[in-house]
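Encoded as structure tokens, the structure appears first; notes follow it.
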Amino acid sequence: DPRAYQAHDMEALEVGDAVFLHTHHLNEEDHFYVNGGAGSAAFPPTTAPHGAHFYQPNRTYNPVDRVDDTVHTVLLRGNASSRLKVEAFICPDAGCPQPPPAPIGYGNVAGVVYWSDESTWRNHSLGRMPQAGDDVDIPEDMRLVLDLSTPVLNAVRVQGELYFADPALFPVPARVEVALRAVYVVADGGAIVAGIPGLEYNHTALIELHGQRDTPQWALSNDANLGAKVLAAVARYVESVDGARTRLVGQILLHGRPILRRWTRLAASAAAGSETLALAQPVDWSRGQEVVVTSASWNPHEAEVAVIRRVLSGGLELELEAPLKHDHKGVRRVLGGGVDTPEPRELVTHAEVGLLSAEILVRAADGEAQHAGWRPGGESAAAGCHAGGEARMCGFGARVAAYGAGSTLHLRDVAVWHGGQAGLERPAVLLQDVGATSSYIERCALAFNLDSAVGVAGDTRGARLAGNVAFESVDRSTVLVTAQETEVVENLALGTVKLAAGKSGFDNQLPATFE
């Protein structure tokens with residue numbers, strides 16, 4: 001699936017010769033340009049000018065690679081010496097079509113069915129309630145409310161709409177706790193929803209992802225592999241009777257209980273042994289939630305996780321379940337005021353405090369074992385992350401991703417724990433080639449990561465990362481943005497780690513916290 005290439009001078013050809021150059025694409029591209037020019041509506045004849053080209057978007061069988069793919073063809077004339085620059089585009093020049101901000105009818109109970117109702121499944125392909133290991137397809141015409149905790153399923157493929165039960169919208173018990181457990185959860189042109197802006201999800205919801213390094217991978221194409229242990233939104237095409245093709249985009253919309261802020265600074269120093277934290281700004285966090293207190297020294301390993309016992313003083317003070325192990329400074333330093341720097345400047349050196357918990361949690365089922373077994377000295381924990389007990393099989397966390405033009409990821413006030421897949425360059429949360437997008441990750445906690453915490457890559461424009469806490473990453477930059485027009489603002493990131501064991505002596509480049 002080349003995104004761009006150059007065809008150089010064809011010196012071996014005679015004046016009357018011509019060559020057709022075909023490239024195969026598993027992705028369905030929107031259009032191609034050759035030297036900035038659009039293609040023809042039909043396959044070019046041998047008499048066509050140098051650089052004439054044609055794209056066949058309808059998939060045909062490729063016997064060499066044994067896949068159905070699309071083909072782009074460029075004509076090169078023997079008497080032409082000019083180079084050709086060939087570019088593939090996944091979106092129209094005007095930008096990718098934007099999906100609606102939420103599925104039509106969210107909050108409308110008409111036409112919805114409930115997971116717990118046996119009658120929901122009588123006419124389903126399963127013919128019964130889903131059981132452990134099942135593949136569950138939610139078709140386009142199905143609006144399904146998840147109102148229970150599932151067994152560990154294999155794949156949940158959503159082409160319709162899947163809602164987490166919310167007593168404010170659906171006739172379910174007032175205190176509802178639901179869990180979706182599976183190896184693959186994919187919004188395949190459909191929508192997975194737990195709250196939208198203005199109708200946030202104020203209850204407990206768990207998406208627990210299962211799988212190991214040797215679990216079969218869910219590949220979309222050569223350059224889009226969902227892998228396993230994955231929650232993903234992807235686009236797909238449907239074809240009508242008259243041959244018209246429509247792109248349906250996947251949506252993952254998760255909006256938890258709104259909080260004032262995900263992180264703040266200390267208002268005063270907290271000494272080792274202290275059980276209280278004075279905060280610079282009020283918070284609306286809760287008893288039993290976990291926080292990270294950052295290091296304020298040169299030793300990054302002095303960052304520590306604590307549990308809230310009580311929130312006091314109108315949210316300006318936290319009482320902890322256990323004493324702190326390290327000193328955490330909360331002071332301002334004044335620099336300058338001398339001959340060379342007559343104007344003094346204030347340097348804020350306060351440690352920060354970030355909230356790691358949220359009512360909506362996406363996590364790896366065996367995340368603690370994967371996390372412990374991958375790190376130095378983790379050999380004793382390796383048995384918990386793989387049946388073979390090999391440490392090299394650890395470090396395989398969960399991942400949340402959006403792939404393909406128009407696919408949408410809206411995460412706000414959500415926690416993702418033990419995400420990322422070490423050694424595979426798969427961040428905990430990834431936006432890949434989604435085109436012009438409304439996607440955002442805001443006020444989220446991305447904690448105990450085994451790769452980058454978040455990545456924005458490929459043809460992705462307009463994504464927003466704001467107010468998040470990203471705690472830990474292994475061998476990769478914590479926040480990794482290679483796409484254009486990405487807004488990154490007021491995020492707290494820490495705990496970027498490089499593992500040296502088993503590495504080449506030439507592998508000495510340290511990952512960055514923000515790249």
Side-chain angles (χ1 to χ4, degrees), residues 99-108 112-115 120 130 134-150 152-166 169-170 172 176 178-197 199-201 203-210 218 220 226 228-236 248-256 358-363 398-404 406-416 419 428-431 434 437-441 444:
I104 296 173
Y106 181 68
N108 179 5
V112 301
V113 293
Y114 294 85
W115 195 297
T120 297
D134 280 344
D135 292 333
V136 180
D137 286 330
I138 300 173
E140 290 180 38
D141 59 352
M142 192 177 201
R143 302 176 64 224
L144 178 64
V145 175
L146 179 65
D147 57 343
L148 51 66
S149 294
T150 71
V152 179
L153 305 166
N154 182 51
V156 178
R157 182 182 179 210
V158 182
Q159 296 182 332
E161 298 172 7
L162 176 64
Y163 305 118
F164 281 72
D166 187 340
L169 302 175
F170 305 109
V172 295
V176 60
V178 297
L180 178 60
R181 298 181 172 94
V183 179
Y184 320 92
V185 180
V186 180
D188 185 13
I192 299 172
V193 187
I196 61 173
L199 290 173
E200 288 82 7
Y201 193 84
H203 308 275
T204 300
L206 171 65
I207 300 176
E208 186 178 79
L209 300 170
H210 293 248
W218 185 323
L220 301 176
L226 300 184
K229 213 180 234 178
V230 60
L231 169 65
V234 301
R236 67 184 179 90
L248 300 179
V249 296
Q251 300 180 71
I252 296 175
L253 312 176
L254 306 180
H255 298 80
E359 279 76 8
I360 298 178
L361 173 62
V362 182
R363 73 180 183 195
R399 63 191 308 242
V400 182
Y403 280 96
S407 295
T408 302
L409 186 62
H410 289 180
L411 300 183
R412 182 178 292 149
D413 299 307
V414 173
V416 180
V429 181
L430 174 66
L431 294 168
V434 299
T437 184
S438 65
S439 293
Y440 53 76
I441 304 163
C444 291

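When reading the values below, keep in mind they use all heavy atoms of this one structure, side chains included, and skip hydrogens, waters and symmetry mates.
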How about V185 and R157: do any of their side-chain heavy atoms sit closer than 4.5 Å? no
State, to 0.1 Å, how close A402 and L409 come at their nearest heavy-atom pair, and which atoms those are. CB-CB, 4.1 Å
Could you tell me the separation between the CD1 atom of I207 and the CD1 atom of I360, rounded to the nearest 0.5 Å? 7.5 Å
So, taking the atom named CG in L144 and the one named CZ in F164, what distance separates them when rounded to the nearest 0.5 Å? 10.5 Å
Does T120 reach the main-chain N or O of Y114 with its side chain, forming a donor-acceptor pair under 3.5 Å? yes
Qualifying residue for side chain to side chain contact (heavy atoms under 4.5 Å, CB included) with W115, from V178, L146, V145: L146
For D137, what residues pass the side chain to side chain donor-acceptor pair (under 3.5 Å) criterion, not counting sequence neighbours? none
Spatial distance of atom CZ (R181) from atom CZ (R363) [nearest 0.5 Å]: 7.0 Å
May I ask you to check whether H255 and Y201 place their ring centres under 6.0 Å from each other? no
Check whether any side-chain heavy atom of Y163 lies under 4.5 Å from a side-chain heavy atom of L169, and answer yes or no. no
Validate the cation-pi geometry between R412 and Y440: distance from NZ or CZ to the six-membered ring centre under 6.0 Å, angle to the ring axis within 45°. yes
Which heavy atom in A235 sits nearest to a heavy atom in D188, and how many Å separate them? O-OD1, 4.5 Å
Interatomic distance, D166 atom CG to L199 atom CG [nearest 0.5 angstrom]: 8.0 Å
Is it true that a side-chain atom of H203 and a backbone atom of G256 form a donor plus acceptor pair closer than 3.5 Å? no
Full working for side-chain contact (heavy atoms from CB on, under 4.5 Å) between V414 and E359: CA-CA 7 Å; V414 173; E359 279 76 8; over 6 Å; no
Does the side chain of T408 reach to within under 4.5 Å of the side chain of V434, using non-hydrogen atoms? no
Working to the nearest 0.5 angstrom, can you tell me the gap between E161 CD and L253 CG? 10.0 Å
State, yes or no, whether a side-chain contact exists between L162 and L180 at a heavy-atom distance under 4.5 Å. yes
Between the CD atom in Q251 and the CD1 atom in I196, the distance rounded to the nearest 0.5 Å is 10.5 Å
Under the criterion side-chain contact (heavy atoms from CB on, under 4.5 Å), I'd like the reasoning laid out for D134 against N154: C-alpha separation, chi angles, the key distance, then a yes or no. CA-CA 5 Å; D134 280 344; N154 182 51; over 6 Å; no
Return the minimal non-hydrogen interatomic distance between A358 and A415, and the atom names on each side. CB-N, 3.6 Å
I need the minimum non-hydrogen distance between S407 and S439, along with the two atoms involved. O-OG, 4.0 Å
Considering only heavy atoms from C-beta outward, does the side chain of V429 approach that of I441 to under 4.5 Å? yes
Examine distances only and state if a side-chain atom of T150 and a backbone atom of L148 form a donor-acceptor pair shorter than 3.5 Å. no
Name the one of V158, I252, L226 that satisfies side chain to side chain contact (heavy atoms under 4.5 Å, CB included) with V186? L226
L231 vs Y184, test: side-chain contact (heavy atoms from CB on, under 4.5 Å). Steps then yes/no. CA-CA 6 Å; L231 169 65; Y184 320 92; over 6 Å; no
With the side chain counted from C-beta on, respond yes when L153 and P130 share a heavy-atom pair under 4.5 Å apart, and no when they do not. yes
